[in-house]
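What follows is a set of notes on a single structure, which appears directly below.
Just so we're on the same page: letters track the sequence lines, and every chain starts at 1. Only this structure's heavy atoms are used, side chains among them; waters, hydrogens and symmetry mates stay out.
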There are 2 protein chains.
Amino acid sequence: MENESKVLSQQETPLEKAEKDMPDEEILYDLADLFKIFADSTRIKILYVLLESEFCVCDIAQVLGMNQSAISHQLRVLKQSKLVKYRREGRAILYSLADGHVRAILDQGMEHVGE
Amino acid sequence: MENESKVLSQQETPLEKAEKDMPDEEILYDLADLFKIFADSTRIKILYVLLESEFCVCDIAQVLGMNQSAISHQLRVLKQSKLVKYRREGRAILYSLADGHVRAILDQGMEHVGE
DNA sequence: ATATCATATGAACAATGATTCATATGAATG
DNA sequence: CATTCATATGAATCATTGTTCATATGATAT
């Protein structure tokens with residue numbers, strides 16, 4: 001007759017299961033890198049501005065009360081991580097959100113922050 | 001007869017709306033701080049382990065192949081941000097996820113990373 | 001009580017990253 | 001074509017942070 005301890009010994013332990021279910025190292029790095037983008041209040045502010053509409057660099061800088069260079073550097077980061085896209089309009093370059101994931105991630109975070 | 005340009009001039013511009021809809025500075029800092037927690041692959045790994053079950057510090061250290069001190073330091077960060085809780089069991093201290101938000105945030109991030 | 005095991009803590013170090021300043025690029029306009 | 005306006009880039013600086021090493025705390029078992 002099978003006793004419970006014997007059955008248990010054939011199953012994987014929680015530790016083994018945790019190890020087995022762990023995503024690949026590379027995926028986890030990518031995930032951390034994604035959250036790094038959201039881990040700066042300047043970038044978060046930029047994303048919130050772009051939730052409303054597309055804007056040029058100088059408008060974003062004005063709303064945030066920061067200099068143009070700082071915003072341009074951060075837009076570069078956002079561009080590289082495919083969270084924003086851009087198009088030229090006359091002299092200006094208009095930035096906008098690349099897709100709906102940004103809003104989803106911000107909203108999910110806000111839910112935990114609680115407001 | 002109301003013409004469209006007159007109505008438009010009475011409405012707020014996208015820039016004004018973006019400014020108005022921006023959450024308070026303090027909230028945005030809290031949000032950035034939350035994402036900072038997820039912005040490190042060691043902490044992400046710890047959270048993934050804890051998705052499975054509660055574990056003691058030494059088990060987590062073993063699974064991740066890191067020394068005990070590093071894990072303890074990171075658990076401190078996770079504890080301070082209310083993402084994990086803990087209880088004593090004999091000599092060991094067992095850590096577990098504080099609530100379901102952790103899984104929700106990780107899943108949302110994974111969706112963008114794409115796997 | 002003392003030795004042991006699990007965890008926490010503090011200091012030090014290296015690495016990363018955000019902002020500023022100065023300057024370069026590059027398109028548009030006169 | 002030269003000037004101007006908008007944006008990008010590079011170097012420098014300052015702050016933050018993850019890890020390690022050494023050690024402290026604190027509970028348990030002999």
Legend entry - A/I93 CD1 to D/dC5 P, straight-line distance once rounded to whole Å: 17 Å

Legend entry - Within 6.0 angstrom of B/K82 NZ, more than 12 heavy atoms from elsewhere: no

Inset, instruction - Quick one: sort the A/F38 and B/F35 rings into parallel, tilted or perpendicular, breaks at 30° and 60°. - result: tilted

Inset, instruction - Tell me, yes or no, whether the heavy-atom count around B/Q80 atom CD, taken from other residues, nucleotides or ligands under 6.0 Å, exceeds 12. - result: yes

Legend entry - Closest to the B/R76 side chain, choosing from C/dT7, C/dT9, D/dT7: C/dT9

Inset, instruction - Starting at atom CZ of B/R88, determine the distance to atom C1' of C/dC5, rounded to an integer number of angstrom. - result: 11 Å

Inset, instruction - Take atom CG of A/L64 and atom C1' of C/dT19, then tell me their distance rounded to the nearest Å. - result: 14 Å

Inset, instruction - Could you tell me whether A/R87 and A/E89 have a side-chain N and a carboxylate O separated by less than 4.0 Å? - result: yes

Inset, instruction - Spell out yes or no: do the side chain of A/Q68 and the base of D/dA6 have one donor N/O and one acceptor N/O closer than 3.5 Å? - result: no

Legend entry - Whole-Å gap separating P (D/dA6) and CG (A/D59): 10 Å

Inset, instruction - Kindly indicate whether the side chain of A/L83, heavy atoms from C-beta on, has any atom under 4.5 Å from the side chain of A/L97. - result: no

Inset, instruction - Output yes when at least one side-chain N/O atom of A/Y86 is less than 4.0 Å from OP1 or OP2 of D/dA8, else no. - result: no

All N/O contacts under 3.5 Å from nucleotides 17-20 of chain D to the protein, with atom names and distances to one decimal?
residue: D/dG18; atom: OP1; partner: B/R43; partner atom: NH1; Å: 3.3
residue: D/dG18; atom: OP1; partner: B/R43; partner atom: NH2; Å: 2.8
residue: D/dG18; atom: OP2; partner: B/R43; partner atom: NH1; Å: 3.3
residue: D/dT19; atom: OP1; partner: B/T42; partner atom: OG1; Å: 2.7
residue: D/dT19; atom: OP2; partner: B/Q74; partner atom: NE2; Å: 3.0
residue: D/dT20; atom: OP2; partner: B/N67; partner atom: ND2; Å: 3.2
residue: D/dT20; atom: O4; partner: B/H73; partner atom: NE2; Å: 3.3

Legend entry - Whole-Å distance separating the CG atom of B/L78 from the P atom of C/dT7: 15 Å

Inset, instruction - May I ask you to say whether A/E12 pairs ionically with A/K17, meaning some side-chain N is under 4.0 Å from a carboxylate O? - result: no

Inset, instruction - Calculate the interatomic distance between A/I44 atom CD1 and C/dA18 atom P; express it in whole Å. - result: 12 Å

Legend entry - Spacing between A/I60 atom CD1 and D/dA6 atom C1', to the nearest angstrom: 13 Å

Legend entry - Flag, side chain of A/R43 to backbone of A/K36, donor-acceptor distance under 3.5 Å: yes

Legend entry - Atom-to-atom span, NZ of A/K45 to P of C/dA18 - whole angstrom: 14 Å

